[in-house]
*Asks:* 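Before we start, here is the structure in question, set down as structure tokens.
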Amino acid sequence: MSQRLTDCEACVDAILARLGKRIVLGAPLGIGKPNALLNALFRRAKQDTSISLDIITALSLNPPQGKSELEERFLAPVRERVWPNYPRLEYLDAVDARALPPNIRVIEFYLRAASQLGNPIAQQDYISTNYTQVARDMLVRGANLLVQAIALRVDGDGRQRLSLSGNPDVTLPLLRGLEAGPKNWLAVGQINRQLPWFGHNAEIAESRFDLLLDDPALDHAPFAVPHEPVGTAEWAIGLRASALVADGGTLQVGIGALGDAACHSLRLRERDNDRYQAALNAIGRSPMIDSVGGDQRFERGLYVASELISNPLFSLFEDGIVRRRVFEDEALQTAINDGSAAEPANGGTALQGAFFIGPGDFYQRLRALDEERRDLVDMTGVDEVNAVYKTWSLERAQRRHARFINITMKVTLLGAAVSDQLGNGQMVSGVGGQHDFVAMSHQLPEARSILLLKSVRGGSDGKPLESNLVWEFPHATIARHERDIVITEYGVADLRGKTDRECIEALLAIADSRLQEKLAEQAQRAGKLPRSYRVPEASRQNLPQHLAAALASFQTSGLLPKLPFGNDLTDAELALAARLGKLKTAASTWKGRAQLLVAFLAPADAGQAEVAAALKHLQLSAPASGKERRLARLVRAAWRL
């Protein structure tokens, strides 16, 4: 039986009494962390250097803090509204400050994107592993303490039921591994009543925890992750991806602006098909639409099996696009697939995931689900979602026409993809589940892997134009023998079954035309492309101005908005953030600094409403010192750049 405690320090005492001073702690990624308990353990180990504490986890999250006074003035009121009472992870602050005590290690398998570039502590203690293998690797490293934030539900009869909520991901396989060995470990849960409750595989018996920390004063809202704005290139990519999704199929989508664009495009395909078709026509339809996907409304709907249940994916569930149910009875599922049986009126699941994370209103909507809809959601272990080796024939029957849509940073002309690190080994994020899904796309007979990629980076604000399609790269997340479908804003490249020459030609056809010739020459020098090759005329107009003209009317009409799934930041805050970004960009070059100086020294003009609102947000409406007056002038200068 588990022991219930109401005090963090008493919980730490109990852990140390049972395990001693060598702690190898496994915690789920994202919002599944018990922040208060982690902080108490961290402080105890910081005070008592005889304690050895390894924290193995991923995607540790804290509200942002400004790197300058102006940034902090912007962020302070945003933090109070978007992350109220959120307990900062103290070990993460120590990692960010490069001040982690020598007896404490933080080992992460997935980092906040680009957050730890140049940080030797985080870079040296990153562990490269597929998401499905994280629990195994925790056990290899000697994990003896599992900690988890858990949701509580009290039924009408007073019965209390626990749930792993949005993070059964690593916990379920890790628990199975621990329970299979000798009892030299502890599982500790911290109840958080603000976590959404889910049943099925996420519901967990209290007896599987040795200790339960339950203090309502420790409850807090899950960490909110605002959406990124979606630009023209992202819209073109998302539209193309949405037309490769087959009706009645299975869907997985990664996080970020490209994933948002793909999900909103699926929503348009269902809600506003005429204008959706017009947008596809404007950017050029892929011949793969008819053979791989579709552009009509969804008659059967989709089933989601995605490690991440994001706000956009959940919105498709709310809209009724994700509605195809799957069943655990293989004979029934097979009969439904071949049309010899109809879906039963009740039962089954339509949305399966291993973890969820998103903006604040996303968690509110999850909590507000009625029982019938909640029962269609199955949160489970990542080894169940990201693989098909457990019950192969059943999962094959369930995951018909799977489309695994993920985001990558670079693709080589031979088809390898780079999604997690820079050429010098610095980790940007992590492998996560991307390789798991690519591997599944080659295991399931009707499945396809779709990698989304912006064709270029830079080219403005003094930054050189660089192609994200490259001849070679010193690292690959996805090997070239696993190549499948790649989408840029300029088209779709089907690489499956292609020779090296055919692969190169397909990718050159969707590259930015300003860089095509250089890329082709590199392939020719390597003997992989004939010297006589020329980029076809039809692919020589892959230019941002042509794309912008093609989608302009759809963007200005609101069909393709900047924030299709909303944002925790207000319009005024987003506008101010963009202006502050201009200041930062201008200060990064000599030319920009000269322009900034001119704008700074210009006479003060009548304050327009937007500037006045910005100064109010920054508490600079009535500057009280010379420093504040200079900051106010700097803010006004941002509107003159």
Side-chain angles (χ1 to χ4, degrees), residues 61-90 92-100 112-119 121-122 223-229 360 458 460-464 562-563 567-641:
L61 300 166
N62 272 341
Q65 293 179 311
K67 295 180 180 178
S68 68
E69 182 174 344
L70 207 53
E71 282 187 5
E72 181 57 21
R73 282 174 177 267
F74 170 74
L75 287 170
V78 173
R79 280 200 305 269
E80 290 178 11
R81 192 187 73 256
V82 178
W83 298 282
N85 303 317
Y86 181 82
R88 296 186 67 85
L89 289 166
E90 295 175 20
L92 179 57
D93 280 334
V95 170
D96 289 344
R98 307 183 186 189
L100 203 62
R112 297 162 291 148
S115 66
Q116 300 296 352
L117 292 175
N119 186 335
I121 292 176
F223 189 90
V225 179
H227 285 288
E228 303 170 10
S460 61
D461 300 324
K463 297 177 182 177
K562 285 187 177 181
L563 292 163
N567 199 283
D568 284 324
L569 273 64
T570 66
D571 290 343
E573 288 167 346
L574 288 168
L576 176 55
R579 294 289 177 175
L580 295 180
K582 280 192 170 186
L583 287 177
K584 191 172 184 178
T585 300
S588 66
T589 65
W590 284 108
K591 180 180 178 181
R593 286 193 285 271
Q595 292 171 337
L596 181 55
L597 180 61
V598 171
F600 182 84
L601 295 176
D605 49 13
Q608 67 243 49
E610 197 174 355
V611 177
L615 293 172
K616 182 178 179 181
H617 177 96
L618 298 168
Q619 297 185 340
L620 292 171
S621 297
S625 66
K627 183 179 182 181
E628 289 191 347
R629 283 191 289 274
R630 288 191 295 274
L631 288 174
R633 287 186 71 94
L634 193 59
V635 173
R636 289 185 180 278
W639 266 263
R640 301 189 186 106
L641 289 174

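Because only heavy atoms are used, hydrogens play no part in the values below, and waters and symmetry mates are left out as well, while side chains stay in. The first residue of the sequence shown is numbered 1, and numbering continues consecutively from there. Small disclaimer: the values here were computed from a predicted structure and weren't measured.
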*Asks:* Report the distance from atom CG of Leu631 to atom CG of Leu620, rounding to the nearest 0.5 Å.
*Replies:* 5.5 Å
*Asks:* For residues Leu61 and Tyr86, report the shortest heavy-atom separation together with the two atoms involved.
*Replies:* O-OH, 2.9 Å
*Asks:* Distance check, rounded to the nearest 0.5 Å: Lys616 atom NZ versus Leu576 atom CG?
*Replies:* 14.0 Å
*Asks:* Please tabulate, one pair per line, all N/O donor-acceptor pairs under 3.5 Å involving side-chain atoms of residues 578-585, not counting sequence neighbours.
*Replies:*
unit_1: Arg579; atom_1: NH1; unit_2: Ala638; atom_2: O; d: 3.3
unit_1: Thr585; atom_1: OG1; unit_2: Gly581; atom_2: O; d: 3.0

*Asks:* Closest approach of Val95 and Ala122, non-hydrogen atoms and distance?
*Replies:* CG1-CB, 4.1 Å
*Asks:* Can you tell me how far CD of Gln65 sits from CG of Asp96, rounded to the nearest 0.5 angstrom?
*Replies:* 8.5 Å
*Asks:* Determine yes or no for a side-chain-to-main-chain donor-acceptor pair under 3.5 angstrom, with Arg633 supplying the side chain and Ala599 the backbone.
*Replies:* no
*Asks:* Show which side-chain atoms of residues 73-83 pair as donor or acceptor with protein atoms under 3.5 Å away, not counting sequence neighbours.
*Replies:*
unit_1: Arg73; atom_1: NE; unit_2: Glu69; atom_2: OE2; d: 3.1
unit_1: Arg73; atom_1: NH1; unit_2: Leu618; atom_2: O; d: 2.8
unit_1: Arg73; atom_1: NH1; unit_2: Gln619; atom_2: O; d: 3.2
unit_1: Arg73; atom_1: NH2; unit_2: Glu69; atom_2: OE2; d: 3.3
unit_1: Arg73; atom_1: NH2; unit_2: Glu628; atom_2: OE2; d: 2.9
unit_1: Arg79; atom_1: NH1; unit_2: Pro64; atom_2: O; d: 2.9
unit_1: Arg79; atom_1: NH1; unit_2: Glu72; atom_2: OE1; d: 3.3
unit_1: Arg79; atom_1: NH1; unit_2: Glu72; atom_2: OE2; d: 3.3
unit_1: Arg79; atom_1: NH2; unit_2: Glu72; atom_2: OE2; d: 2.5
unit_1: Arg81; atom_1: NH1; unit_2: Glu573; atom_2: OE1; d: 3.4
unit_1: Arg81; atom_1: NH1; unit_2: Glu573; atom_2: OE2; d: 2.7
unit_1: Arg81; atom_1: NH2; unit_2: Asp568; atom_2: O; d: 2.7
unit_1: Arg81; atom_1: NH2; unit_2: Glu573; atom_2: OE1; d: 2.8
unit_1: Trp83; atom_1: NE1; unit_2: Ala224; atom_2: O; d: 2.9

*Asks:* Could you give the distance from NZ (Lys562) to CG (Asp571), rounded to the nearest 0.5 Å?
*Replies:* 10.0 Å
*Asks:* Check side chain to side chain donor-acceptor pair (under 3.5 Å) between Asn119 and all other residues, then give those that pass, not counting sequence neighbours.
*Replies:* Gln116
*Asks:* Leu615 and Arg636: side-chain contact (heavy atoms from CB on, under 4.5 Å), yes or no, with the steps?
*Replies:* CA-CA 9 Å; Leu615 293 172; Arg636 289 185 180 278; 3.6 Å; yes
*Asks:* Enter the distance from Leu92:CG to Arg112:CZ here, rounded to the nearest 0.5 Å.
*Replies:* 4.5 Å
*Asks:* Strictly distance-based, threshold 3.5 Å: is any side-chain N or O of Asn567 a donor or acceptor partner for the main-chain N or O of Pro226?
*Replies:* no
*Asks:* How close do Ala612 and Ser621 get, heavy atom to heavy atom, and via which atoms?
*Replies:* O-OG, 4.3 Å
*Asks:* Arg88 side chain to Pro63 main-chain N or O, any donor-acceptor pair under 3.5 Å?
*Replies:* yes
